Each structure stands twice: as structure tokens, then as C-alpha cells.
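Values below: all heavy atoms of this structure, side chains included; hydrogens, waters and symmetry mates excluded. We count ligands from 1, going down the list as the structure has it; atoms in each ligand are counted the same way. Computed from a prediction, not measured in an experiment: that's the story for all the values here.
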Amino acid sequence: MSSTDHPFLSAPTKQLLIDGQWVNALSGATFDSRNPATGEPLGHLAQGDAADIDRAVVAARRAFEDGPWPRFTPAERQKVILRLADLLENRTEDFARLDTLDMGGPIRRTRGAIGLLTGVLRYFAGQALAIHGATPQPSIPDMFVATVKEPVGVCGAIIPWNGPLWASVLKVGPVLATGCTLVLKPAEDASLTPLMFGQLCLEAGVPPGVINVVTGFGETAGAALAAHLDVDKLSFTGSDVTGRRIVAASAGNLKRLSLELGGKSPHIIFADADLAVAAPAAAVAVFGNSGQVCSAGTRLFVERSIAEEFTDAVAKVAAQMRIGNGMDETIDLGPLVSQRQLTRVTGYLDSARAEGAAFACGGERLTGAGWDTGFFVPPTVLTNVQDGMTVAREEIFGPVLSVLPFDSEEEVTKRANATPFGLGAGLWTRDIGRAHRLGKALRAGSVWVNCYNTLDPAVPSGGYKASGYGREYGPNHLEEHLQVKSLWIATS
Ligand code: ADP
Ligand code: MG
């Protein structure tokens with residue numbers, strides 16, 4: 001089957017979704033989308049820029065203030081979100097295949113994710129009915145006070161390419177639950193499922209202008225959205241470098257921000273752990289999605305007494321992982337998303353070599369027939385790594401694991417926390433006291449004990465330190481989209 005054989009790809013150019021209409025960029029410019037497994041073109045996308053972002057923000061403002069959307073009751077918003085979840089569930093195959101064609105992830109993974117994503121939508125459907133304020137009792141006589149939760153307004157969202165449908169659903173869910181409106185800017189390397197999901201919102205009965213999707217480049221469309229003076233809130237998921245630019249760009253109107261900026265997450269294996277379970281889990285924690293996961297467990301701290309044995313076990317799992325075209329049902333790892341990402345990851349492999357690391361497996365881009373047109377890097381396990389080496393400090397976003405032996409709980413806690421990031425952390429032990437001690441001491445938004453990277457619609461996820469601020473999933477995610485108004489009524 002040709003990679004371009006997909007119902008959403010029948011029209012040659014994918015347009016922008018603004019105010020419920022499919023439109024070209026005002027400039028008429030387009031850019032290409034390619035399959036990272038084969039290099040085959042998938043089509044052209046409208047290249048939106050500042051003028052298109054502005055059009056979309058105007059539409060989102062109008063939809064926020066004028067009917068019908070602001071008149072939707074919570075129960076009506078709930079109904080729309082539930083319908084959206086059902087539609088997504090029914091089209092699981094179409095969405096999974098398009099995600100895989102566009103960004104390369106294994107079809108089993110993109111398909112599996114949709115189970116979580118429909119759960120996320122249904123969670124937010126429930127939350128639409130759970131918005132409420134309070135009636136604090138002031139000490140001022142003859143006064144009634146109510147706090148009222150109101151939607152924050154026009155939201156912007158800028159998302160990455162590692163899970164395009166995933167990120168779209170996470171940005172859209174709370175917007176619909178709270179009655180906000182949205183301008184979504186997908187990543188230039190993976191814009192197709194966000195566009196198809198925008199279309200699904202319309203089919204589900206979301207009124208025109210509530211969800212707008214503007215494709216284009218970060219430096220133009222993205223920057224314009226971050227700086228736009230009529231956007232009330234911006235949610236960004238991506239690199240910390242771009243996150244810092246977004247913070248600066250947001251200053252014009254001091255828009256509310258939430259940021260999820262990746263990490264360099266520690267994954268700690270104590271000698272008393274169930275190593276037969278921990279070894280494959282440690283491999284999946286870092287090699288899943290070819291390492292293109294914000295919370296990837298990239299620093300594997302292993303207690304010294306088992307370091308050699310455990311490293312061998314992880315390398316053995318890694319060597320058995322199947323790499324190839326994401327459309328193949330049997331593969332575990334697809335290609336990296338782009339030439340740029342390949343260059344970035346192989347640059348880190350070169351730096352590991354130059355700084356004296358050893359390779360237990362992997363280490364080179366795959367070349368030869370069938371590989372050269374794609375961006376394939378096999379699972380790579382590095383030993384002889386020092387905490388200060390570039391590969392042990394910086395986010396690589398590729399299938400690269402650094403093994404770091406340790407001697408004591410106290411030492412590993414300090415070393416695990418010695419990073420500017422704080423998104424996730426994992427530990428494996430059978431010692432319940434230690435699980436609690438580290439659960440408290442590790443400075444990260446999620447700490448996983450005897451598991452890794454678990455997610456649930458009801459459980460908040462987000463960063464400490466330079467991994468960002470704000471939380472997604474759970475009730476906190478909703479609060480990010482709500483204002484609190486204190487209404488004072490003098491009763492005499
Ligand atoms: P990468 O380096 O892999 O492109 P980024 O964090 O830069 O990762 O990209 C994540 C998202 O941020 C993408 O949608 C991208 O278009 C967008 N982006 C990139 N640069 C900027 C910018 N200066 N302002 C706003 N958005 C940007
Ligand atoms: Mg970028």
C-alpha cells in the first residue's frame with residue numbers, strides 16, 4: 001500500500017481551518033509534508049503566518065463572545081465532547097494511520113494512544129458539569145460573596161510533532177469543557193491529524209470558530225500566536241529553548257501561560273527490585289516512540305552491585321526491538337520524525353563518542369537499502385557515562401540511554417535531582433520505606449514507583465523547574481482554563 005493512500009490525503013493541499021471554513025493562507029504559500037519512514041511526499045499544507053493567525057484569533061474571539069457557543073449549557077458542552085469521543089473512537093484506524101504516516105510512530109502505539117485519548121475526552125465531558133465556585137463568608141457585615149468560575153477566553157495552543165493527535169486532544173478537551181475557544185498551531189513536521197481532528201470537532205457539533213487550526217512554521221505562525229494581544233491564554237508543549245521564547249513573546253498582554261517543556265528524567269533501579277520486570281520497562285521507558293517522548297527515562301541510574309547484569313539485560317531487550325516503517329504492525333520503533341531530528345540525535349551520538357562513552361548497543365544511523373530514505377536510529381545504550389557529559393545533561397529526544405551506576409540512596413537522590421528539568425522520575429524497589437522517601441525527595445511532576453510513564457485522564461501531569469508550569473490531565477488542567485471572579489453583593 002502506498003503511504004499516501006489515506007482518505008484525508010485525497011485533496012492535494014490541506015487548508016487552514018478558520019471559523020469553520022477551509023481556507024488557503026492569505027499569502028497563498030504552502031509547505032510540504034513527508035513520510036519520515038520513506039521520504040515520500042504526503043501532500044502540501046497551507047503555510048499560515050501572522051495574518052492568518054490574526055484571522056483565526058478574530059474568529060475565536062467572535063465565537064467566544066457571540067452565540068451560539070457562549071449560550072451552550074454545561075450539559076450541551078458535555079454532549080458535544082462525548083460525541084467527539086465517539087467519533088474519534090469510530091475512526092481510530094484513520095487517525096492512527098495518519099499519525100504514523102506523518103510522524104513515523106509505530107501503528108500499534110498511535111492506535112493504542114487513542115484509547116487513552118477518548119478517555120481524556122470523556123473525562124473532560126464529565127468535568128464540564130463539575131465547574132463550580134464557592135461562597136466564602138466575609139467578616140464584613142451585610143455582605144454576600146460568591147466566587148464564580150468563568151472561561152479564560154481565547155486560548156492558543158502550540159504543539160510538538162511527537163504525538164500530534166495526542167497533543168491536539170489534550171488542548172481541545174479542556175477548552176470545550178470550560179467554554180473557551182482555541183487557535184491551534186500544529187508542529188510543521190506533523191500537522192495532518194490536528195487538521196483532521198479539527199474537522200472532527202465540526203462534525204461533532206462544535207460551532208464554527210470555536211476550534212481553529214492554523215498550520216505553519218514556529219518562527220512565523222507560532223511566534224505570532226504567542227505574541228497576539230487578543231489571546232488570553234497560551235498552552236505550549238515543546239522544547240525548553242522555544243518555551244523561553246514563548247514566555248518573552250507573551251509579555252505584551254501578559255497572557256496566561258502553561259508550558260510543558262520536556263526533560264532529562266532519571267530512572268533509578270535498586271538491586272532489590274524485580275529486575276526481570278524492570279529491565280524491559282527501562283528499555284520501553286526510553287526507546288518508546290524512538291525516544292521522542294518528553295518524559296523519556298533517559299538517565300538510568302543502576303545500583304552498582306547489579307549495574308553490569310542490568311545493563312546487559314536492557315541492551316538485550318534493546319537489541320531485540322524491531323525497527324522499521326511505522327505502518328508495519330510488528331515494529332517497536334519507527335523512524336525519527338525528520339532530517340533535522342536525525343542530525344540532532346546523531347550529533348549527540350558523536351558527542352558521546354568524543355567525550356568517552358562506550359556503546360553497549362546501537363550508536364549509528366541505519367544505512368543501506370530501505371533505510372537511507374528514512375531517519376532510522378536503533379536503540380542505543382551508553383555506558384562509561386559521567387553525569388557531566390553532554391548526553392547525560394541535555395534532552396536528546398532520540399533512542400539514547402545513559403547508564404549511570406550509583407552506590408547509595410542518598411547519592412542517587414542528589415544526582416537524579418541535579419538537572420534543570422523535572423518532568424518525570426522513576427524508581428524500582430521492593431522497599432516500601434525507600435519508595436516513600438524517594439517519592440518525596442525526587443523533584444519532578446510525576447514520580448513512578450515500579451512502573452514508568454503511566455498516564456490517566458484523572459491524574460495531573462506536568463513539570464517542576466525548567467520542565468515548565470501548569471498541569472495537564474485531571475482537575476488542574478481545567479483550572480488552567482478558568483478565571484475566578486469574586487462577586488460581592490451588599491445586602492443592605
Ligand atoms: P523542535 O525544535 O523540535 O522544532 P520546538 O519546541 O521548537 O521543537 O517546536 C514545538 C512547537 O513550537 C512547534 O509547533 C513549532 O512550530 C513551535 N515553535 C518553534 N519556534 C517557535 C517560536 N519562536 N514561537 C512560537 N512557536 C514556535
Ligand atoms: Mg523548532
Go through Lys185 and Asp52 one step at a time and tell me if the salt bridge (charged side-chain N to carboxylate O under 4.0 Å, His left out) criterion holds. CA-CA 11 Å; Lys185 210 297 280 174; Asp52 303 291; over 6 Å; no

So the atoms of ligand 1 within less than 4.0 Å of a heavy atom of Ile159 turn out to be 11 (C), 13 (C), 14 (O)

TODO: Answer yes or no: is there a side-chain heavy-atom contact under 4.5 Å between Pro164 and Met103?
DONE: yes

Where do Asp372 and Arg365 land on the salt bridge (charged side-chain N to carboxylate O under 4.0 Å, His left out) test, with the steps shown first?
CA-CA 9 Å; Asp372 287 338; Arg365 171 194 188 174; 5.1 Å; no

Logged contact type for Ala226 with ligand 1, heavy-atom cut-off 4.0 Å, is neither

Ala223 heavy atoms within 4.0 Å reach ligand 1 at atoms 24 (N), 25 (C)

When Leu84, Ile211, Leu87 are each screened for side chain to side chain contact (heavy atoms under 4.5 Å, CB included) with Phe197, the one that passes is Leu84

Worksheet item: Would the number of heavy atoms belonging to other residues, nucleotides or ligands and lying under 6.0 Å from CD of Glu65 be above 12?
Response: yes

Atoms of ligand 1 under 4.0 Å from any heavy atom of Gly238, numbered from 1 in the order shown, are 6 (O)

Yes or no: does Trp161 have any heavy atom under 4.0 Å from an atom of ligand 1?
yes

Taking only non-hydrogen atoms of Arg340 and a 4.0 Å limit, the atoms of ligand 1 in range are 1 (P), 2 (O), 3 (O), 4 (O)

The salt bridge (charged side-chain N to carboxylate O under 4.0 Å, His left out) partner of Asp230 among Arg61, Arg62, Lys255 is Arg61

Numbered in order shown, the ligand 1 atoms found under 4.0 Å of a heavy atom of Gly222 are 24 (N), 25 (C), 26 (N)

Next item on the list: May I ask you to check if ligand 1 and Arg245 share an N or O to N or O distance below 3.5 Å?
Entry: no

The residue among Val403, Val286, Leu300 that forms side chain to side chain contact (heavy atoms under 4.5 Å, CB included) with Val314 is Leu300

Quick note on ligand 1: atoms under 4.0 Å from a heavy atom of Arg344 include exactly 1 (P), 2 (O), 3 (O)

Discussion item. Taking distance alone, with N or O pairs closer than 3.5 Å, would you say Glu188 contacts ligand 1?
Written reply: yes

N or O pair under 3.5 Å between Gln341 and ligand 1 = no

Numbered in order shown, the ligand 1 atoms found under 4.0 Å of a heavy atom of Pro186 are 14 (O)

For Lys185, the ligand 1 atoms with a heavy-atom partner under 4.0 Å come out as 14 (O), 15 (C), 16 (O)

Requested in this report: Check the angle between the aromatic planes of Phe31 and Phe217 and answer parallel, tilted or perpendicular using the 30° and 60° thresholds.
Outcome: tilted

- Phe236-ligand 1 polar pair, N/O distance under 3.5 Å: no

Neighbour count >12 (heavy atoms, 6.0 Å) for atom CZ, Arg108: yes

